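Computed over heavy atoms, backbone and side chain alike; hydrogens, waters and symmetry mates excluded. So you know, we letter chains A, B, ... as the sequences are listed, proteins then strands, and number each from 1. Bear in mind that the values here come from a model prediction, so they are computed numbers and not experimental data.
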Number of protein chains: 2
Amino acid sequence: MAAHALVAFEPRKTPIQARSTVTVEAISEAAVQVLLSHGAERLTTTRVADRAGVSVGTLYQYYPNKQSLLFAVLENHFNHVALRVEEACANACHKPLSEMTKETVEAFVDAKMERADISVALYRVAGDVGGPTLVKRVNQRTRKAVEAMLETAPDIKSPPDKFAVEIMLSAMGGAMRSLLESGPSPATVRKAREQLVLLCQSYMAAATAKRG
Amino acid sequence: MAAHALVAFEPRKTPIQARSTVTVEAISEAAVQVLLSHGAERLTTTRVADRAGVSVGTLYQYYPNKQSLLFAVLENHFNHVALRVEEACANACHKPLSEMTKETVEAFVDAKMERADISVALYRVAGDVGGPTLVKRVNQRTRKAVEAMLETAPDIKSPPDKFAVEIMLSAMGGAMRSLLESGPSPATVRKAREQLVLLCQSYMAAATAKRG
DNA sequence: GCATTGGATGAAGGATTCTTCAGATTTGGA
DNA sequence: TCCAAATCTGAAGAATCCTTCATCCAATGC
């Protein structure tokens with residue numbers, strides 16, 4: 001059912017010539033800009049097309065409807081964050097558990113902050129555009145990366161429950177969302193980052209049987 | 001600014017006679033029902049009025065616009081959850097830190113699960129209706145209750161940072177959201193509840209200087 | 001019984017928005 | 001140069017939706 005609901009979000013046509021590639025990217029970028037300047041409520045296909053410097057018809061040539069456009073933007077953002085976390089996980093293999101956790105959490109926070117404005121703007125539309133489904137998919141992906149990393153930890157006997165990793169990821173995401181929506185100062189972000197690391201470290205330690 | 005933005009959400013007229021009291025409650029309940037059956041996107045003032053068994057005009061007699069109606073529903077739900085947590089905090093005073101944490105977290109999870117369907121439906125509209133502002137307000141309220149409780153803990157030297165409590169609450173909320181949106185089985189809920197308790201306990205312990 | 005205030009009605013105004021499609025324009029290759 | 005395919009255009013169709021207001025019904029107090 002969820003998969004079927006996502007069908008309508010898939011692109012209509014794939015760019016062939018170079019100019020159309022430019023166009024679709026301009027549209028996607030314009031969507032973000034409009035989201036930031038006008039808000040989710042005032043996000044109109046016409047407005048996005050105007051901002052992208054093309055006509056509405058062109059937009060509908062690549063996206064079957066408004067939702068699919070927003071879905072694509074959302075997917076982009078999530079993929080970017082997921083990639084950063086995966087990189088961090090690959091990089092932290094064979095390190096002590098607390099170090100693993102620290103690097104993973106920090107990668108997540110940093111990736112989110114990199115495009116803080118977009119993150120906040122997207123929270124507003126996620127609900128109407130298959131956000132939960134996407135979140136689930138990305139969480140799955142991220143969880144696998146984290147689990148693979150944990151397998152290589154030298155200082156634990158058995159890796160934490162699959163469920164525990166999910167809890168940690170969603171807790172991290174929730175705290176980050178709250179933080180972003182409050183329009184935090186850089187100092188606040190730094191503090192939150194520290195605390196989030198501590199939160200996850202202490203949980204991972206508690207959910208894990210130590211070696212030795 | 002945020003305060004000003006909320007002005008438009010305030011009710012228009014206060015019920016005086018008994019029948020109008022019934023009416024406003026019917027409207028509010030109908031809003032929830034429509035949210036559940038038709039989704040946020042198809043939530044229409046006319047549809048809500050129909051479901052409530054009144055005419056649209058009547059709805060607009062009490063709510064200046066559609067947003068104010070949804071805002072009221074959201075506020076209701078949040079107040080209910082906050083109240084449950086406050087009760088739990090009051091009840092857990094003078095107990096050991098881990099017990100305090102356990103009871104608080106469980107109260108939150110249980111309050112959310114009590115109306116799981118409403119919770120999920122509201123995630124969809126929160127963005128367009130001052131959700132973040134409300135969340136901030138409720139978090140503030142909850143944080144105070146938690147802090148007051150922590151002051152009475154016999155087994156800690158200094159209570160955790162105000163910031164730490166905020167992190168914990170938002171992490172809890174985020175994990176709960178993720179869980180609810182996945183349509184969990186009762187068994188899953190039970191497991192998540194346990195893990196969430198563990199998460200918060202280990203964090204509170206780590207963020208606190210122990211006495212003795 | 002009557003007047004006054006509270007409450008309810010619902011058709012219609014006004015405003016947007018999404019989406020299409022027939023035709024114009026540009027590109028890449030023959 | 002010339003054509004077929006790829007792109008682009010943007011006015012107009014179609015569908016909703018929010019909100020108002022003139023009007024009617026019900027309740028309360030005198």
Engineer: Got a sec, which residues hit salt bridge (Lys or Arg N to Asp or Glu O under 4.0 Å) with B/Lys102, two or more places apart in sequence or on another chain?
Structural biologist: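 Partners of B/Lys102 under the salt bridge (Lys or Arg N to Asp or Glu O under 4.0 Å) test: B/Glu106.
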Engineer: When the distance from CD of B/Gln67 to C1' of D/dC18 is rounded to whole Å, what number comes out?
Structural biologist: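 Going from CD in B/Gln67 over to C1' in D/dC18 covers 11 Å.
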Engineer: Measure the distance from CZ on A/Arg47 to P on C/dC18 and round it to the nearest whole Å.
Structural biologist: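 In whole Å, C/dC18 P and A/Arg47 CZ are 9 Å from each other.
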Engineer: What residues in residues 30-46 of chain B put a non-hydrogen atom under 4.0 Å from any atom of DNA chain D?
Structural biologist: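 Residues of residues 30-46 of chain B under 4.0 Å from DNA chain D: B/Leu43, B/Thr44, B/Thr45.
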Engineer: Figure out the OH/P separation between A/Tyr60 and C/dC21, and round it to whole Å.
Structural biologist: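 Taking atom P of C/dC21 as the reference, OH of A/Tyr60 is at 13 Å.
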Engineer: Quickly work out the A/Tyr63 OH to C/dT20 P distance and round it to whole Å.
Structural biologist: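 Atom OH in A/Tyr63 sits about 16 Å away from atom P in C/dT20.
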Engineer: Would you give the length of the straight line joining atom CZ of B/Arg51 to atom CG of B/Leu43, rounded to the nearest 0.5 angstrom?
Structural biologist: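 Output value for this atom pair is 11.0 Å.
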Engineer: Among residues at least two apart in sequence or on other chains, which ones pass side chain to side chain donor-acceptor pair (under 3.5 Å) with B/Gln33?
Structural biologist: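 Scan of B/Gln33 (side chain to side chain donor-acceptor pair (under 3.5 Å), adjacent residues dropped) gives B/Glu29.
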Engineer: Could you tabulate the donor-acceptor pairs under 3.5 Å formed by side-chain atoms of residues 120-130 of chain B, not counting sequence neighbours?
Structural biologist:
{"unit_1": "B/Arg124", "atom_1": "NE", "unit_2": "A/Gly127", "atom_2": "O", "d": "3.2"}

Engineer: D/dT9 C1' sits how many Å from A/Ile27 CD1, rounded?
Structural biologist: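 Atom-to-atom, A/Ile27 to D/dT9, this comes out as 13 Å.
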Engineer: Whole angstroms only, please: what is the CG-C1' distance between A/Asn65 and C/dT19?
Structural biologist: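 From A/Asn65 CG to C/dT19 C1': 10 Å.
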Engineer: Got a salt bridge between B/Glu181 and A/Lys136, using NZ or NE/NH1/NH2 to carboxylate O under 4.0 Å?
Structural biologist: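 No.
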Engineer: If I take atom CG in residue A/Asp50 and atom C1' in nucleotide C/dT16, what distance separates them, rounded to the nearest angstrom?
Structural biologist: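 From A/Asp50 CG to C/dT16 C1': 15 Å.
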Engineer: Could you pull out the closest heavy-atom pair between B/Val85 and B/Ala107, with the gap in Å?
Structural biologist: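 Scanning both residues completely, I find the closest heavy atoms to be CA-CB, 4.4 Å.
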Engineer: Please list, chain by chain and in numerical order, all residues satisfying salt bridge (Lys or Arg N to Asp or Glu O under 4.0 Å) with A/Glu114, sequence neighbours excluded.
Structural biologist: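 With neighbours one apart ignored, the set is A/Arg84.
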Engineer: By the definition side-chain contact (heavy atoms from CB on, under 4.5 Å), identify the one residue from A/Glu151, A/Arg143, A/Met149 that meets it with A/Glu147.
Structural biologist: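 Only one of A/Glu151, A/Arg143, A/Met149 forms a side-chain contact (heavy atoms from CB on, under 4.5 Å) with A/Glu147, namely A/Arg143.
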Engineer: Using a cut-off of 4.0 Å between protein heavy atoms and nucleotide atoms, how would you tag nucleotides 4-15 of chain C 5' to 3' with B, S and -?
Structural biologist: --BSBBB-----
